[in-house]
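The block underneath contains the structure these notes are about, expressed in structure tokens.
Chain A is the first sequence line, chain B the second, and so forth, proteins listed ahead of strands; every chain is numbered from 1.
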Number of protein chains: 2
Amino acid sequence: MSRKPRRAVKPAGFAHAAPLFAALGDETRLALVLRLGSAGPHSIAQLAAGAAVTRQAITKHLQVLGAAGLVRSARLGRERIWNVEADRLDEARRFLEQMSCQWDEALGRLKGFVEKGNRTDASFCKPRN
Amino acid sequence: MSRKPRRAVKPAGFAHAAPLFAALGDETRLALVLRLGSAGPHSIAQLAAGAAVTRQAITKHLQVLGAAGLVRSARLGRERIWNVEADRLDEARRFLEQMSCQWDEALGRLKGFVEKGNRTDASFCKPRN
DNA sequence: GTCTAATGCAACCATTTGGTTGCACGATAA
DNA sequence: TTATCGTGCAACCAAATGGTTGCATTAGAC
């Protein structure tokens with residue numbers, strides 16, 4: 001096995017990932033994403049109906065999410081339908097996985113010994129793509 | 001055993017997850033977390049040495065990360081050593097996984113048919129904990 | 001002791017953010 | 001055609017954010 005310390009694979013451009021997390025870092029936005037993801041595409045008015053804030057606020061949030069690539073919209077008649085962009089969220093997920101794994105490695109090095117059984121489900125760490 | 005029919009498992013309190021993502025949503029902070037995670041614990045001065053901003057700025061960011069539970073610190077002599085809190089990041093990761101899976105489910109429902117082969121590595125979706 | 005490096009704390013600043021109200025505009029329904 | 005519904009756009013606002021400088025404090029080093 002490669003004795004090479006694996007270079008602690010720096011997660012792909014973290015400068016690219018930060019805006020992603022920033023977009024998810026608002027309660028209202030997270031709720032929107034959750035709703036769009038679980039209940040399917042909705043128009044702005046529909047989304048605003050269930051929310052605590054104004055329709056315009058919702059619009060702004062959707063634009064932020066859109067800029068982060070997490071959602072996209074299409075005009076349909078006189079309404080605009082928003083839906084979710086699965087790939088982009090997967091990016092964020094993979095990023096966290098990589099970070100998680102780096103930590104495990106670093107922790108392992110710090111502890112200075114290798115535990116017999118593989119600690120947890122470190123199956124994430126295999127560079128699956 | 002509760003036999004609730006899967007109810008599209010709403011990811012645990014998203015109100016709880018939002019601040020986590022918010023904390024990760026800054027480039028400087030993300031870099032800090034990355035560095036602490038891959039290179040092990042550092043003092044504030046050490047972290048500030050490699051950064052583009054002031055030591056005080058670094059301190060603030062560390063406090064934000066600390067408030068989100070992503071890092072923690074301990075006084076050691078006259079310096080304060082920060083290190084990473086792996087569990088908390090795992091929470092974020094799991095949250096994204098759940099979201100991801102909800103999406104797959106919803107997409108499946110929308111398409112209205114079940115594909116023969118399991119689409120991707122949807123192994124995430126198994127409620128592993 | 002004295003000096004100095006590492007931190008903590010506070011005030012301050014500019015910009016961003018999350019939200020609002022108000023109004024104009026295009027598409028549909030009657 | 002006209003009324004109305006769903007949006008888009010702009011101005012505006014308060015609060016949060018990311019950053020700074022300056023100074024006080026504290027613990028090692030000498």
Side-chain angles (χ1 to χ4, degrees), chain A residues 14-36 39-84 92, chain B residues 14-36 39-84 92:
Chain A
F14 66 91
H16 186 242
L20 232 171
F21 291 125
L24 292 173
D26 177 271
E27 208 172 309
T28 307
R29 237 135 46 200
L30 203 48
L32 276 176
V33 169
L34 249 342
R35 184 161 169 205
L36 284 180
H42 284 75
S43 76
I44 296 177
Q46 288 173 326
L47 291 171
V53 294
T54 337
R55 168 183 65 82
Q56 285 87 337
I58 297 289
T59 296
K60 279 194 185 179
H61 282 304
L62 287 171
Q63 280 164 353
V64 172
L65 288 169
L70 283 165
V71 299
R72 67 183 352 216
S73 70
R75 204 67 196 257
L76 179 72
R78 68 176 158 187
E79 39 191 304
R80 176 173 293 277
I81 305 297
W82 292 84
N83 61 341
V84 114
Chain B
F14 66 92
H16 185 242
L20 233 171
F21 291 124
L24 293 173
D26 177 271
E27 208 173 309
T28 307
R29 240 141 38 205
L30 203 48
L32 277 176
V33 168
L34 249 342
R35 184 163 169 201
L36 284 180
H42 283 75
S43 76
I44 296 177
Q46 288 173 325
L47 291 171
V53 294
T54 336
R55 169 184 64 83
Q56 286 86 338
I58 298 288
T59 297
K60 279 194 186 180
H61 282 305
L62 286 172
Q63 280 164 352
V64 172
L65 288 169
L70 283 165
V71 300
R72 63 180 357 210
S73 71
R75 203 66 195 259
L76 179 73
R78 69 178 157 185
E79 38 191 337
R80 177 172 294 276
I81 306 298
W82 291 84
N83 62 342
V84 112

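- Nearer to the 5' terminus of DNA chain C, by closest-nucleotide assignment, is the contact made by I44(B) (compared with the other of D26(A) and I44(B)).
- Between the CH2 atom of W82(B) and the C1' atom of dT7(C) there is a distance of 12 Å, given to the nearest Å.
- A donor-acceptor contact under 3.5 Å is not formed by the side chain of R75(A) with the base of dG6(D).
- Residue contacts for A45(B): at a heavy-atom cut-off of 4.0 Å it reaches the sugar-phosphate backbone alone, with no base atom in range.
- Contact annotation: T59(B) does not reach the phosphate of dT7(C) (side-chain N/O to OP1 or OP2, under 4.0 Å).
- Look at S73(A) and you won't find any side-chain N or O under 4.0 angstrom from OP1 or OP2 of dT7(D).
- In this structure a side-chain-to-backbone donor-acceptor pair under 3.5 Å is present from Q46(B) to S43(B).
- The side chain of R80(A) places no N or O atom within less than 4.0 Å of a non-bridging phosphate oxygen (OP1 or OP2) of dG6(D).
- Between H61(A) atom NE2 and dT17(C) atom C1' there is a gap of 9 Å when expressed in whole angstrom units.
- Between the CD1 atom of I44(B) and the CD atom of Q56(B) there is a distance of 9.5 Å, given to the nearest 0.5 Å.
- Separating the CH2 atom in W82(B) from the OG1 atom in T59(B) is a distance of 8.0 Å, to the nearest 0.5 Å.
- Closest approach to the R78(B) side chain among dA5(C), dG18(C), dT7(C) is made by dA5(C) (side chain taken as heavy atoms from C-beta onward).
- Between the CD atom of Q63(B) and the P atom of dA16(D) there is a distance of 17 Å, given to the nearest Å.
- Between the P atom of dT21(C) and the NZ atom of K60(A) lies a distance of 12 Å, rounded to the nearest Å.
- Checking L70(B), L65(B), V84(B), V71(B) one by one against L32(B), the side chain to side chain contact (heavy atoms under 4.5 Å, CB included) holds for a single residue, L65(B).
- The side chain of T28(B) places an N or O atom within less than 4.0 Å of a non-bridging phosphate oxygen (OP1 or OP2) of dG19(D).
- Between the side chain of R29(B) and the backbone N or O of H61(B) there is no donor-acceptor pair closer than 3.5 Å.
- OP1 and OP2 of dA5(C) both lie 4.0 Å or more from every side-chain N or O belonging to R55(B).
- For Q56(A) and dG18(C), a side-chain-to-base donor-acceptor distance below 3.5 Å is absent, hydrogens and geometry of angles not being considered.
- If you take CG of L62(B) and C1' of dG8(C), they are 13 Å apart, rounded to a whole angstrom.
- Put simply, CD on E79(A) is 16 Å from C1' on dC25(C), counting in whole angstrom units.
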